[in-house]
> 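I have a structure here, written as structure tokens, and I will follow up with some questions on it.
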Amino acid sequence: MSLPRRARWLLIGLAVLLVLAGAAVFTATRYFDRERVTGMVAAEVNKATGRQIHFDGPIGFQVLPTLALRLEGVRLANADWGTRPDMVKAKRLELVVALRPLLRKQLQVNRVLLDGVEVWLETDPNGRGNWVMKREPKSTQASPPEEAGEPMAINLTQAEIRESTITLRDGRTGRAETLGLTRVSLSDAGPTDRLDAQIRLRNQPLSIKGNIGKLADLLAGADSFPLDLTLALEGASIKAKGSVGLAVRAGKASFDVHADVRQSTALARLAGKELPLPLPLQLSGRLEQDGARSVLPAFKLTVAGQTLDGAVDFDARAKRPRLKVTAKAAAIDLGALLPSLPKASAATTKPASKGSLFSDEPLPLTELPALDANVDLVVAKLQVPGKPALSALHAALALTDGRIVLQPLNFHMGSGSVDGAATLRLPAGGAPVLSLRARSDGITLEELLAVAGRAGGLSGGRTDIELDMTATGASPRQLARALNGELRFKAGRMRLSGNLSGLGGDVLSELVQAVNPFYKDDKGSNVECAVARLPVQRGVITVDRSIATESDKLNVVVSGSIDLGAETIEMAIRPAIKEGLGLGAANLAQLVKLTGSLSNPRIGVDLKGAARQGLSIGAAVATGGLSLLGERLLKERADPHPCVAAMGGKAPAAEPPKATDKPEKKGFELPRPLRSLRKR
């Protein structure tokens, strides 16, 4: 039975194809010379790169049904100055290409496999990279012009990298960092390509998944390349969606970025150190890149429930890179952001240590980074653990060459406000220089003491404070010794309670009792004003009647000095009964002296005051050897308004000599055996 005509022609066609295929396979296996082909490839690679390429393993070649190439044991030589002989080593390379699209000038790569690839990138001490190749110079002879035509279209269906590494070594420091590519796959996903990468960095697994632009568009000269990727690691993820500029737009990029950090363990491993980040943390915004300039026109940062909105602009094109940050928040709780901050407790009311107040330990001041920065922060409400809340905070920090300037620093606290500025200069080869200016208006002394953790014992006392100080030094003690400037303090009406232990421990209580004999019986005191004008030069504060208080029964004036460098104090305190109250002065000390170290001062009273009934401070000794300032206090006439004089008003004149030695009539006289003490 004869076959139909069409069937016969089909069988004939199949036979012809089989013959042609067999002939092609026979030709490839008969005439394929491994050494000849590898030699040709090596010559072309050397011509293009100036490097030798070696094929240590077998080479597999297939023609039908697709064109396939398999190479094993491939090595590309390193630069002649490199620390390793090979720049690239590959255990296995496979390439599969479709044949029919080649007839239409299309390169359809069905599969690319790189297995066991080791890439070694390094720089020499001058920063030159081993990836910079030496190419063979082109011939000077004119070459015939190539015929114009459409470029070959290239499409990639699947690419995969397995168990490979990329190492970068810095030739200046000798440090090397290795990125492990556990598995990286790229596959066709229609208008985009799908990327799925499992990598390791510093022994920390990372994954990158998402879509990227087509390789064909990249090779065709597209001016942008889209990305929509998510990088994930233990407890954290970063998403980026946007595009990278190519060709004429090279160096430009635009991304929507969102970072979410729930745990910091993996990030700490990547950073190589502990990262005490307040968590959870979310950051979102749009990143605009233009060459060496990065801009976040608007970002939102949420940390431990605290939200900041702002903008960032970093420009690295100048010799000194410039950073500008603006941020604002409706409310910030530092207790949530910095849980390690100490809370206010009873421990803060303990007396000062008996040791030194100022340490000789160098301050943790390091060299400033080589950039110019401006940070502007506005916070409607700032809560500090255990302290009164601050409101309307505005702080601007500027970093320039060797100098940090904080100006302004404005905020409201309690019933008043603070306006300040600070400057820190770190001159090359010199000691740090610190300048501080501040002015507060309307904050009560009660509120200030609450900030210092000295709650209780005092109520009221609206204050005005001015501070202008400079100091030079690398440790707290050096700064104290070199302090210059002036502090002005003025407080209005306030009430001191009968228990002052919360304000300054036993020393303050004993001092008040020594100065004011009525304090204990009255269970406190009503103070009309308290002022201090403290000029300081080279760490020495000179008090020339520039500390004074006026209470309902007593006026008090203070003279003396405080040496911050030596940490010593010598103060003469003169109390005076207010006129018109009908109170006797027999129980009043003529002078109280505060001497010794700042951490452990001693109280002494004159002999007249030592005879007062009920005195029990334990340091009631004669105050011989008074300073000139103390002697002047004894000679001057009592000023009815010492607060005015202390702030720079006219000082009281010395008391004129009495016309008679007849003693002044007192409301209370010492017993006869002790009267002679007054004449000494």
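All residue numbers in this chain count up from 1 along the given sequence.
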> Could you go through Ile166 and Leu121, starting from their C-alpha distance and side-chain angles, then the distance that decides it, and tell me whether this counts as side-chain contact (heavy atoms from CB on, under 4.5 Å)?
CA-CA 7 Å; Ile166 300 175; Leu121 304 176; 4.3 Å; yes
> Does Lys89 have more than 12 heavy atoms from other residues, nucleotides or ligands lying within 6.0 Å of its NZ?
no
> Apply side-chain contact (heavy atoms from CB on, under 4.5 Å) to the pair Asn155 and Leu107, showing each step before the final yes or no.
CA-CA 6 Å; Asn155 293 311; Leu107 178 60; over 6 Å; no
> Might you confirm whether atom CZ of Arg100 has over 12 heavy atoms from other residues, nucleotides or ligands at distances under 6.0 Å?
no
> Grab the two heavy atoms, one from Val379 and one from Leu382, that are nearest each other, plus how far apart they are.
CG1-N, 4.1 Å
> Which atom names give the shortest non-hydrogen contact between Ala266 and Gln204, and what distance separates them?
CB-NE2, 3.5 Å
> Tell me the closest heavy-atom pair linking Leu397 and Ile404, and the distance in Å.
CD1-CG2, 3.3 Å
> Rounded at 0.5 Å granularity, tell me how far CG in Leu287 sits from CZ in Phe299.
13.0 Å
> Less than 4.5 Å apart, side chain to side chain, heavy atoms only: is that true for Thr423 and Arg403?
yes
> Once rounded to the nearest 0.5 Å, what's the spacing between atom CG of Leu181 and atom CG of Leu114?
10.0 Å
> Can a donor-acceptor pair be found, under 3.5 Å and without considering hydrogens, that links the side chain of Arg202 to the backbone of Leu270?
yes
> Verify, without hydrogens or angle tests, whether Thr123 (side chain) and Gly171 (backbone) share a donor-acceptor contact under 3.5 angstrom.
yes
> Between Thr83 and Glu122, do the side chains contain an N or O donor and an N or O acceptor separated by less than 3.5 Å?
yes
> Tell me whether Asn130 contacts the main-chain N or O of Trp120 through its side chain, where contact means a donor paired with an acceptor under 3.5 Å.
yes
> Treating Arg249 as the side-chain partner and Lys252 as the backbone partner, does any N or O pair qualify as donor plus acceptor under 3.5 Å?
no
> Can a donor-acceptor pair be found, under 3.5 Å and without considering hydrogens, that links the side chain of Thr173 to the backbone of Arg175?
yes
> Is the backbone of Arg128 close enough, under 3.5 Å, to the side chain of Asn126 for a donor and an acceptor to pair up by distance?
no
> State, with a plain yes or no, whether a side-chain heavy atom of Leu201 is found less than 4.5 Å away from one of Glu177.
yes
> How long is the gap from CG on Asp196 to OG on Ser185, to the nearest 0.5 Å?
4.5 Å
> Test salt bridge (Lys or Arg N to Asp or Glu O under 4.0 Å) on Asp260 and Arg262 and set out the steps.
CA-CA 7 Å; Asp260 186 2; Arg262 300 170 300 281; 3.3 Å; yes
> Are Asp309 and Lys300 within salt-bridge range, i.e. N to O under 4.0 Å?
no
> Can you check salt bridge (Lys or Arg N to Asp or Glu O under 4.0 Å) on Lys241 and Asp256, steps first, answer last?
CA-CA 5 Å; Lys241 183 177 182 180; Asp256 288 323; over 6 Å; no
> Do the non-hydrogen side-chain atoms of Val303 and Pro278 ever get within less than 4.5 Å of each other?
yes
> Going through the distances and angles, do Thr178 and Thr167 end up as a side-chain hydrogen bond (donor to acceptor under 3.5 Å, both in side chains)?
CA-CA 4 Å; Thr178 299; Thr167 301; 3.0 Å; yes
> Would you say Arg286 and Ser254 are linked by a side-chain donor-acceptor pair, where the criterion is simply a distance under 3.5 Å?
yes
> What distance separates Thr230 OG1 from Asn211 CG, expressed to the nearest 0.5 Å?
10.0 Å
> Would Gln289 and Ser294 satisfy side-chain hydrogen bond (donor to acceptor under 3.5 Å, both in side chains), going step by step from the backbone distance to the final call?
CA-CA 5 Å; Gln289 186 76 32; Ser294 304; 2.5 Å; yes
> For atom CZ of Arg425, is the number of surrounding heavy atoms from other residues, nucleotides or ligands below 6.0 Å larger than 12?
no
> Of all the heavy-atom pairs spanning Leu363 and Ser475, show the shortest one and how long it is.
CG-CA, 4.0 Å
> Hydrogens and angles aside, do Gln158 and Ser187 bring a side-chain donor and acceptor to less than 3.5 Å of each other?
no
> Between Lys91 and Glu72, is a salt bridge (Lys or Arg N to Asp or Glu O under 4.0 Å) present by the stated rule, with each step listed?
CA-CA 5 Å; Lys91 181 180 178 181; Glu72 295 185 12; over 6 Å; no
> I want to check something: taking the side chain as every heavy atom from C-beta on, are Asp401 and Arg320 in contact at a cut-off of under 4.5 Å?
yes
> Closest heavy-atom contact between Ala331 and Gln306?
O-OE1, 3.7 Å
> So which heavy atom on Ala90 is nearest to which on Val117, and how close?
CB-CG2, 3.9 Å
> Could you give the distance from OG1 (Thr165) to CD1 (Ile199), rounded to the nearest 0.5 Å?
12.5 Å
> Evaluate Arg269 against Glu234 for salt bridge (Lys or Arg N to Asp or Glu O under 4.0 Å), listing each step before the verdict.
CA-CA 11 Å; Arg269 294 194 193 114; Glu234 182 185 356; 3.5 Å; yes
> Do Lys214 and Asp193 sit within salt-bridge range, that is, some charged N less than 4.0 Å from a carboxylate O?
yes
> Report the C-alpha separation of Asp313 and Arg293 in whole Å, then their side-chain angles, then the decisive distance to 0.1 Å, and conclude whether the side-chain contact (heavy atoms from CB on, under 4.5 Å) test is met.
CA-CA 8 Å; Asp313 188 339; Arg293 184 184 181 190; 2.5 Å; yes
> Would Thr157 and Gln108 count as having a side-chain donor-acceptor pair, cut-off 3.5 Å?
yes
> Quick check for you: to the nearest 0.5 Å, what is the distance between Thr192 atom OG1 and Ile212 atom CD1?
8.5 Å
> Is there a side-chain contact between Leu156 and Val112 in this structure, where contact means two heavy atoms from C-beta onward sitting under 4.5 Å apart?
yes
> Decide yes or no on side-chain contact (heavy atoms from CB on, under 4.5 Å) for Val257 and Leu283, but give the supporting numbers first.
CA-CA 8 Å; Val257 180; Leu283 172 66; 5.9 Å; no
> Okay, side chain of Thr265, backbone of Gln263: is any donor-acceptor separation there less than 3.5 Å?
no
> Please check if any side-chain donor atom of Asn78 sits under 3.5 Å from a side-chain acceptor atom of Asp86, or the reverse.
no
> Would you call Arg92 and Leu113 a side-chain contact if the rule is heavy atoms closer than 4.5 Å?
yes
> State, yes or no, whether a side-chain contact exists between Glu160 and Leu186 at a heavy-atom distance under 4.5 Å.
no
> Quick check: do Ile208 and Leu195 have side-chain heavy atoms less than 4.5 Å from each other?
yes
